[in-house]
Amino acid sequence: MTQPDQPVPTRQKSGLKHLLFMTLLGLLACSMLSNSAWAQNPTPKNLLTLYSLAKQNDPAFRAAASQLQADLETENQAFSALLPNINFGARIEKQDNTYDAFGMSIDASRNPGTYSLVLNQALFRPQAWETYKQSQLSGEVAKLSFQQAEQELVLRLTRAYFDLLTAQDDLASIRDQKTAITELLALAKANFEVGSATVTDQQEAQARFDLAVAQELAAQNQLAQRKLQLETIVGMPVEELATLAPTTQLKAPTPNTAEAWAEQARNNNLRAQQARLAKLIAKGESNKAKYGHLPTLDLTAQMVETEQQIFDGNSGRPFDLGVDSTTIGLVMNIPIFSGGGTQSQVRQQAALLEKAMNNVELASRNATQAAKSAFLGVQTSLAQVSALETALASSELALRSNKTAYEIGIRINVDVLNAQQQFNATQRDLSKAKYTSLINMLELQAVAGQLNAETVLQINQLLVQ
């Protein structure tokens with residue numbers, strides 16, 4: 001016979017609650033330990049992560065974003081001048097008056113109230129329409145200025161990032177050299193004690209060691225300075241960075257001709273685009289000056305309600321009076337003579353338009369020159385990378401040969417030290433040349449108006465954790 005379910009004893013319930021509580025406490029402790037371990041060993045930050053942080057925390061970029069928001073409001077303000085303008089007015093006052101009539105003096109008081117609703121609508125104001133079109137162009141200029149701020153952020157961040165990597169490489173190279181010198185110093189001391197080496201070998205190694213210590217201190221200070229520069233941009237501490245793999249092969253820019261990049265710069269350079277828009281705005285100012293000779297036409301409508309309560313000073317009885325009036329009309333203003341001011345403004349704006357046209361040509365030439373110069377910098381840095389890769393292989397072979405020759409007594413320790421120094425310097429120069437090549441490529445894309453977040457992603461894919 002099946003027994004009915006028995007209630008769980010109170011002691012057993014208490015045990016289950018205790019077990020559940022301890023389980024939750026254990027999970028919480030594991031989570032805290034995991035967060036603590038992450039804080040002590042943070043994930044290396046790459047260029048893309050720092051770019052996201054910089055967009056949130058860099059004061060210069062945030063100021064540019066606020067400026068864009070403010071500049072875009074200019075179009076709304078200009079458009080408002082084309083819409084109806086409605087104003088409501090009210091006036092309430094108290095008056096004490098004395099009237100003399102038929103030889104009698106009457107004291108009276110008035111409490112007039114006047115309420116008005118006035119509407120004005122511009123019907124023909126060519127200057128207002130031109131201002132609205134200019135505001136649209138100004139909005140495009142503001143957007144280009146913000147894009148330029150984005151490009152400048154990418155360049156500042158990338159330079160600071162690779163400058164920090166360069167400082168890390170310098171310190172690592174000096175420490176590697178210091179380690180090698182330490183080994184040679186110990187070996188020179190041991191050989192001197194057994195009489196197989198002279199005191200000169202020991203002194204030479206000691207001098208190189210002391211110099212390496214001094215260079216290490218300078219490199220540490222340089223690293224701290226570069227780290228501070230990067231942290232200023234991203235707005236938070238930076239502990240570890242993703243680095244460029246030693247086997248990274250850099251590709252030539254596409255297209256690989258200076259003229260092609262110069263043509264892109266003439267068409268897409270942000271400053272050149274701003275100059276072309278500035279010319280259109282200047283043309284609008286010239287049109288507005290000419291419109292100063294034209295009449296203006298406005299529609300006006302007005303509703304006025306006047307309420308009065310008059311008190312007879314003798315009888316004390318109030319009298320209510322009310323007057324309502326509605327007025328609709330057209331207002332035309334025709335400029336006839338302004339003392340020559342309008343003609344002067346026309347000449348002034350014509351000169352400023354000519355200046356804007358020259359600025360367009362100047363911006364185009366500057367963009368072309370900058371693109372060719374940046375392309376030449378990319379080509380030079382890539383050639384330097386190729387040469388240093390060959391030099392590094394030769395330096396590594398020379399270092400091995402000198403170490404082997406020193407072990408068998410053919411070479412002295414100075415030869416090994418020189419070979420080690422040459423190898424470390426070549427290794428450091430190769431990394432720096434790669435960083436310089438990447439920065440030059442970014443500058444080339446910036447001149448051509450192509451530098452954006454997609455470029456940051458492409459560079460970031462070359463970095464390894």
Side-chain angles (χ1 to χ4, degrees), residues 45-55 58 60-61 147-171 173 222-223 225-234 238 241-256 258 261-262 264-265 268-271 366-367 369-389 426-464:
K45 293 180 173 58
N46 54 34
L47 187 61
L48 187 62
T49 303
L50 295 183
Y51 177 64
S52 299
L53 292 173
K55 292 182 70 174
D58 181 62
F61 181 77
Q147 291 181 22
Q148 188 172 347
E150 285 184 309
Q151 288 191 350
E152 291 175 355
L153 176 63
V154 172
L155 290 175
R156 286 190 292 113
L157 176 65
T158 307
R159 290 192 187 102
Y161 190 95
F162 288 129
D163 283 346
L164 182 53
L165 289 184
T166 300
Q168 290 179 353
D169 292 342
D170 290 343
L171 182 58
S173 177
Q222 182 71 11
L223 178 63
Q225 295 290 338
R226 298 289 175 80
K227 182 179 178 182
L228 181 60
Q229 292 176 0
L230 182 59
E231 291 176 349
T232 301
I233 298 176
V234 300
V238 177
L241 298 179
T243 60
L244 191 65
T247 57
T248 301
Q249 298 295 323
L250 302 181
K251 299 180 180 179
T254 303
N256 198 17
W261 284 99
Q264 292 185 18
N268 303 323
N269 181 265
L270 297 182
R271 294 188 183 277
N366 288 340
Q369 187 273 335
K372 292 181 178 180
S373 178
F375 180 81
L376 180 60
V378 171
Q379 294 292 91
T380 303
S381 58
L382 289 177
Q384 187 178 14
V385 168
S386 178
L388 287 172
E389 287 176 343
T426 305
Q427 194 175 40
R428 181 183 66 247
D429 292 343
L430 176 58
S431 298
K432 187 176 181 179
K434 289 184 178 180
Y435 302 150
T436 302
S437 297
L438 291 175
I439 294 176
N440 288 341
M441 289 181 182
L442 294 179
E443 291 178 345
L444 177 60
Q445 292 183 347
V447 172
Q450 299 179 0
L451 184 59
N452 49 34
E454 181 65 25
T455 307
V456 178
L457 178 60
Q458 295 174 359
I459 298 296
N460 190 72
Q461 293 174 349
L462 301 177
L463 305 176
V464 294

What pair of heavy atoms forms the shortest contact from Tyr51 to Ala453, and how long is it? CE2-CB, 4.0 Å
To the closest 0.5 Å, what do you measure between CG (Leu250) and CE (Met441)? 5.5 Å
Between the CG atom in Leu53 and the CD atom in Glu231, the distance rounded to the nearest 0.5 Å is 11.5 Å
Minimum heavy-atom separation for Lys434 to Ala245, with atom names? NZ-O, 4.2 Å
Taking C-beta and beyond as the side chain, do Gln445 and Trp261 meet within less than 4.5 Å on heavy atoms? yes
Assess whether side chain to side chain contact (heavy atoms under 4.5 Å, CB included) is satisfied between Leu157 and Asp58, documenting all intermediate values. CA-CA 10 Å; Leu157 176 65; Asp58 181 62; over 6 Å; no
Among Asp169, Thr166, Asp163, Asn440, which one satisfies side chain to side chain donor-acceptor pair (under 3.5 Å) with Tyr435? Asp169
So CD of Gln151 and CG of Leu153: to nearest 0.5 Å the spacing works out to 11.0 Å
Tyr161 to Ala242 - nearest heavy-atom pair and separation: OH-O, 2.6 Å
On a heavy-atom basis, which atom in Pro253 and which in Leu382 lie closest, and how many Å separate them? CD-CD1, 4.1 Å
With rounding to the nearest 0.5 Å, note down the distance linking CG in Leu457 to CG in Leu462. 10.0 Å
Closest heavy-atom pair, Phe61 versus Lys55, reported as atoms and distance to 0.1 Å, is CD2-O, 3.4 Å
Flag, side chain of Asn452 to backbone of Thr455, donor-acceptor distance under 3.5 Å: yes
To the nearest 0.5 Å, atom CD1 of Ile439 lies from atom CG of Leu444 at 14.0 Å
Any sub-3.5 Å donor-acceptor pair from Asn460's side-chain atoms to Leu48's backbone N or O? yes
side-chain hydrogen bond (donor to acceptor under 3.5 Å, both in side chains) partners for Lys372, two or more places apart: Glu259
Regarding Asp429 and Thr426, is there a side-chain donor-to-acceptor distance under 3.5 Å anywhere? no
With rounding to the nearest 0.5 angstrom, report the OG1 to CG distance, Thr158 to Leu442. 5.0 Å
Shortest non-hydrogen contact from Val378 to Ser381? O-OG, 2.9 Å
Residue Lys432 excluded, over 12 heavy atoms near NZ under 6.0 Å: no
Leu241 and Leu463: CA distance, side-chain angles, deciding distance, side chain to side chain contact (heavy atoms under 4.5 Å, CB included) verdict: CA-CA 9 Å; Leu241 298 179; Leu463 305 176; over 6 Å; no
Look at atom CZ of Arg271 and say whether more than 12 heavy atoms of other residues, nucleotides or ligands are closer to it than 6.0 Å. no
Quickly, which of Asp170, Leu164, Leu171 forms a side-chain contact (heavy atoms from CB on, under 4.5 Å) with Gln168? Name it, please. Leu164
Derivation and outcome, side chain to side chain contact (heavy atoms under 4.5 Å, CB included), residues Leu451 and Glu150: CA-CA 9 Å; Leu451 184 59; Glu150 285 184 309; over 6 Å; no
